[in-house]
Novice: 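Structure incoming, see below.
As a basis for the values below, the full set of heavy atoms in this structure was taken, side chains included, without hydrogen atoms, waters or symmetry mates.
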Amino acid sequence: METIREQLVQRPFTKSDRTKQYVITIFSFVLGLAVLLLMINLFSSVYFLIGLTLGILLAVGIIYLGYYLLGRLNVEYEYCVAGTNISVDKIIDRKKRKSLCSFELRDAVGFYHSRKDQGDAVAYSVEGAEGDVYTIEFNDPQSGRVYLYFTPDEKTLQMISVYLPRLS
């Protein structure tokens with residue numbers, strides 16, 4: 001019987017993300033208001049209603065674009081361990097899912113209880129805010145040497161450590 005374990009990890013919200021959040025919010029409202037006023041001024045007296053309607057539509061579109069960009073800052077990672085296979089997905093705003101990597105645990109080259117220097121290799125940093133950082137090193141046919149930095153909980157760690165090389 002194959003065991004399956006899924007773990008959802010929230011990406012930590014950094015100061016950079018907070019700054020982006022403020023800039024996007026302020027910029028979208030200011031730009032929306034500026035476009036609204038510009039449309040009203042361009043279509044002044046005779047076509048005032050057309051300018052007002054067009055300005056409102058464009059302003060709402062700009063504010064919606066800002067809302068969409070704010071949602072892109074909400075990122076989660078899902079670790080899915082199914083027997084000897086592990087896959088990592090990136091979930092953006094709880095709507096869009098993108099598969100980052102998937103590999104057999106038995107094919108891993110190394111397993112480390114910290115971040116390992118990757119040099120020129122590909123690295124996936126899918127760490128959460130809580131827990132210790134672990135590194136799995138494996139070879140991918142397309143990317144070559146790959147390092148996966150992640151923060152598993154105890155159950156996930158117990159499931160994967162059976163198949164991985166000795167903890168370094």
Side-chain angles (χ1 to χ4, degrees), residues 1-29 31-32 60-168:
M1 183 171 158
E2 186 173 293
T3 56
I4 296 175
R5 169 86 174 139
E6 292 180 347
Q7 180 186 351
L8 196 63
V9 176
Q10 179 77 30
R11 186 189 76 176
F13 213 65
T14 62
K15 289 181 182 179
S16 172
D17 291 334
R18 183 72 60 201
T19 304
K20 289 176 189 174
Q21 188 178 34
Y22 289 137
V23 167
I24 290 170
T25 302
I26 292 169
F27 186 72
S28 64
F29 279 110
L31 186 62
V60 167
I62 290 170
I63 291 171
Y64 178 76
L65 178 65
Y67 172 75
Y68 172 77
L69 291 175
L70 286 175
R72 308 260 315 155
L73 297 175
N74 182 18
V75 176
E76 297 173 328
Y77 299 106
E78 181 184 56
Y79 316 140
C80 182
V81 181
T84 63
N85 190 16
I86 186 169
S87 64
V88 179
D89 293 341
K90 180 179 182 180
I91 303 169
I92 301 170
D93 199 23
R94 295 187 176 141
K95 296 175 188 171
K96 185 177 179 184
R97 178 181 294 263
K98 179 183 176 188
S99 179
L100 293 180
C101 66
S102 180
F103 62 94
E104 289 291 324
L105 290 168
R106 292 182 179 151
D107 296 337
V109 177
F111 181 52
Y112 314 99
H113 184 122
S114 62
R115 291 182 69 93
K116 185 170 189 284
D117 184 30
Q118 80 233 17
D120 60 348
V122 175
Y124 295 114
S125 180
V126 292
E127 304 164 30
E130 300 169 0
D132 294 338
V133 177
Y134 288 85
T135 303
I136 297 178
E137 180 181 355
F138 64 97
N139 291 318
D140 185 51
Q142 288 96 11
S143 305
R145 175 100 19 169
V146 177
Y147 290 89
L148 175 67
Y149 304 118
F150 70 119
T151 52
D153 60 6
E154 285 300 317
K155 284 187 175 183
T156 306
L157 193 58
Q158 287 174 356
M159 284 186 67
I160 65 174
S161 62
V162 174
Y163 303 108
L164 290 170
R166 187 178 298 222
L167 185 66
S168 302

Novice: Taking side chain as C-beta onward, heavy atoms only, is Tyr77 less than 4.5 Å from Leu8?
Specialist: no
Novice: Report yes if some heavy atom in the side chain of Phe138 is under 4.5 Å from a heavy atom in the side chain of Cys101; otherwise report no.
Specialist: yes
Novice: Tell me, with the steps shown, if Leu105 and Phe103 meet side-chain contact (heavy atoms from CB on, under 4.5 Å).
Specialist: CA-CA 6 Å; Leu105 290 168; Phe103 62 94; 4.1 Å; yes
Novice: How close do Ala82 and Ile4 get, heavy atom to heavy atom, and via which atoms?
Specialist: CB-CG1, 4.1 Å
Novice: Tell me the closest heavy-atom pair linking Cys80 and Glu6, and the distance in Å.
Specialist: SG-CG, 3.8 Å
Novice: If you look at every heavy atom in Ile62 and Gly32, which pair is closest and at what distance?
Specialist: CG2-N, 3.9 Å
Novice: For the ring pair Tyr134 and Tyr112, is the centre-to-centre distance below 6.0 Å?
Specialist: no
Novice: Would you call Asp17 and Arg72 a salt bridge, taking side-chain N to carboxylate O under 4.0 Å as the test?
Specialist: no
Novice: Determine, stepwise, if the pair Phe150 / Tyr79 fulfils ring-ring contact (aromatic ring centres under 6.0 Å, His included).
Specialist: CA-CA 9 Å; Phe150 70 119; Tyr79 316 140; 5.4 Å; yes
Novice: Which pair of heavy atoms, one from Asp153 and one from Gln7, lies closest together, and at what distance?
Specialist: N-OE1, 3.1 Å
Novice: Taking the side chain as every heavy atom from C-beta outward, state whether Lys96 and Ile91 have any pair of such atoms under 4.5 Å apart.
Specialist: no
Novice: Please identify each residue that fulfils side chain to side chain donor-acceptor pair (under 3.5 Å) with Asn85, with sequence neighbours left out.
Specialist: Ser102
Novice: Over all heavy atoms of both residues, which pair between Thr3 and Met159 is shortest? Give the atoms and the distance, please.
Specialist: OG1-CE, 3.2 Å
Novice: From Arg18 CZ over to Gln21 CD, what is the distance, rounded to the nearest 0.5 angstrom?
Specialist: 5.0 Å
Novice: Using every non-hydrogen atom in the two residues, find where Leu157 and Pro152 come nearest and quote the distance to one decimal.
Specialist: CD1-CG, 3.9 Å
Novice: Heavy-atom distance under 4.5 Å between the side chains of Thr14 and Thr19, does that happen here?
Specialist: no
Novice: Can you tell me how far CG of Leu65 sits from CZ of Phe27, rounded to the nearest 0.5 angstrom?
Specialist: 9.5 Å
Novice: Any side-chain heavy atom of Asn139 within less than 4.5 Å of one from Asp107?
Specialist: no
Novice: Checking Thr156 against Arg5: is there a side-chain donor and acceptor pair closer than 3.5 Å?
Specialist: yes
Novice: Got a salt bridge between Asp93 and Lys95, using NZ or NE/NH1/NH2 to carboxylate O under 4.0 Å?
Specialist: yes
Novice: Check the pair Glu104 / Ile86 against side-chain contact (heavy atoms from CB on, under 4.5 Å), numbers first and verdict last.
Specialist: CA-CA 6 Å; Glu104 289 291 324; Ile86 186 169; over 6 Å; no
Novice: I'd like to check Lys98 versus Ile92 (side-chain heavy atoms, cut-off strictly below 4.5 Å). Are they in contact?
Specialist: no
Novice: Kindly compute the distance separating OG1 (Thr25) from CG (Leu70), expressed to the nearest 0.5 Å.
Specialist: 4.5 Å
Novice: With Tyr149, which residues qualify under ring pair (Phe, Tyr, Trp, His ring centres under 6.0 Å), at least two apart?
Specialist: none
Novice: Given side chains that start at C-beta, do those of Lys20 and Leu69 come closer than 4.5 Å, heavy atoms only?
Specialist: no
Novice: Could you give all pairs that pass the salt bridge (charged side-chain N to carboxylate O under 4.0 Å, His left out) test and reach residues 75-87, with sequence neighbours left out?
Specialist: Glu76-Arg94, Glu78-Arg97
Novice: Is it the case that more than 12 heavy atoms not belonging to Phe13 sit under 6.0 Å from its CZ atom?
Specialist: yes
Novice: Do Thr151 and Val9 touch side chain to side chain, with heavy atoms closer than 4.5 Å?
Specialist: yes
Novice: Can you tell me if Glu137 uses its side chain to pair, donor with acceptor, with the backbone of Phe111 under 3.5 Å?
Specialist: no
